[in-house]
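Below you'll find the structure, written out as structure tokens, and then a few comments.
When a residue number appears, it is its place in the shown sequence, counting from 1.
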Amino acid sequence: SGIEISEMSYIIDKQRHIFAIGGGFIYVNDDETKIIANSIESKEEIDLNRAKEAKRRAEQRIKEVTEKTDLLRAEIALKKAITRINVKEL
């Protein structure tokens with residue numbers, strides 16, 4: 001199944017681990033789950049200032065659309081940045 005740009009968490013030994021996923025695929029069977037992600041970052045790996053700057057740039061590209069603007073790419077970048085910010089601020 002496909003995975004959208006989203007937050008993911010799992011619990012091991014009563015400790016929650018949170019990640020930002022940049023899309024991908026998940027495969028589940030009886031005894032194993034595999035995730036193949038386009039990108040994945042733990043809360044600890046996310047640079048909040050960098051994520052906020054990426055959000056600002058994506059919003060600016062969307063706001064000032066020209067014929068050279070790849071709107072879909074800008075929207076994806078915005079969604080990734082927002083997800084990263086949300087994960088970091090949890």
Side-chain angles (χ1 to χ4, degrees):
S1 296
I3 299 174
E4 300 268 334
I5 296 167
S6 58
E7 301 170 17
M8 180 197 82
S9 68
Y10 64 89
I11 299 171
I12 293 180
D13 297 329
K14 298 181 182 179
Q15 184 175 8
R16 181 177 298 273
H17 303 271
I18 303 169
F19 297 87
I21 294 188
F25 296 93
I26 185 167
Y27 302 95
V28 180
N29 62 36
D30 292 337
D31 62 345
E32 184 176 60
T33 300
K34 291 183 183 181
I35 295 174
I36 301 174
N38 296 333
S39 64
I40 186 167
E41 292 178 278
S42 69
K43 181 177 180 173
E44 296 75 25
E45 292 174 308
I46 295 171
D47 180 328
L48 185 58
N49 290 330
R50 187 171 156 244
K52 287 181 177 180
E53 179 59 24
K55 179 179 181 277
R56 187 199 63 75
R57 285 192 313 269
E59 289 172 333
Q60 192 69 27
R61 286 196 310 261
I62 291 168
K63 184 178 176 183
E64 299 175 359
V65 174
T66 68
E67 63 184 44
K68 291 186 177 185
T69 303
D70 184 340
L71 188 56
L72 179 59
R73 186 174 170 191
E75 290 169 343
I76 290 169
L78 179 58
K79 190 169 184 178
K80 284 182 177 181
I82 290 169
T83 299
R84 293 173 69 235
I85 291 166
N86 289 343
V87 167
K88 185 65 175 184
E89 291 181 341
L90 287 175

TODO: Could you walk me through whether Met8 and Ile35 pass side-chain contact (heavy atoms from CB on, under 4.5 Å), step by step?
DONE: CA-CA 11 Å; Met8 180 197 82; Ile35 295 174; 3.3 Å; yes

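Annotation for Thr83 and Ala20: closest pair CG2-CB, 4.0 Å, computed over non-hydrogen atoms. Residues Ala58 and Ala74 share a closest heavy-atom pair of CB-O, 3.6 Å. The two residues Ile5 and Lys79 come nearest to each other via the heavy atoms O-CE, 3.6 Å. Of all the heavy atoms in Arg61 and Arg73, the pair that sits closest is NH2-O, 4.4 Å.
Separating the CD atom in Gln15 from the OG atom in Ser9 is a distance of 12.0 Å, to the nearest 0.5 Å. Taken to the nearest 0.5 Å, the CD1 atom of Ile3 stands 5.0 Å off from the CD1 atom of Ile21. With rounding to the nearest 0.5 Å, the separation of CD in Glu45 from CZ in Arg84 is 10.0 Å. From Phe19, atom CZ reaches atom CD of Glu44 across 7.5 Å, with rounding to the nearest 0.5 Å.
Under the 4.5 Å side-chain contact rule for hydrophobic residues, Leu78 and Leu72 do not share a cluster. Connection of Ile11 to Ile18 is not established within any shared hydrophobic cluster, with ILVMFWY side chains joined at heavy-atom distances below 4.5 Å, either directly or through further cluster members. Under a hydrophobic-cluster definition in which Ile, Leu, Val, Met, Phe, Trp and Tyr are linked whenever side-chain heavy atoms come within less than 4.5 Å, directly or via other members, Ile26 and Tyr10 are assigned to the same cluster. Under the 4.5 Å side-chain heavy-atom criterion for grouping Ile, Leu, Val, Met, Phe, Trp and Tyr, Ile40 is connected to Ile12 within one hydrophobic cluster.
Judged by distance alone, with hydrogens and angles left aside, the side-chain atoms of Lys88 form a donor-acceptor pair with the main-chain N or O of Ile46 at under 3.5 Å.
Listed by first and then second residue, the side-chain hydrogen bond (donor to acceptor under 3.5 Å, both in side chains) pairs that reach into residues 25-37 come to none, sequence neighbours excluded.
Side-chain atoms of Glu7 and Asn86, non-hydrogen and from C-beta on, do get closer than 4.5 Å to each other.
Salt-bridge check for Glu53 with Arg56: passed, with a basic side-chain N closer than 4.0 Å to an acidic carboxylate O. A salt bridge links Lys55 to Glu59: one of the charged nitrogens lies within less than 4.0 Å of a carboxylate oxygen.
Residue Gln60 qualifies as enclosed at atom CD: its count of foreign heavy atoms under 6.0 Å is above 12.
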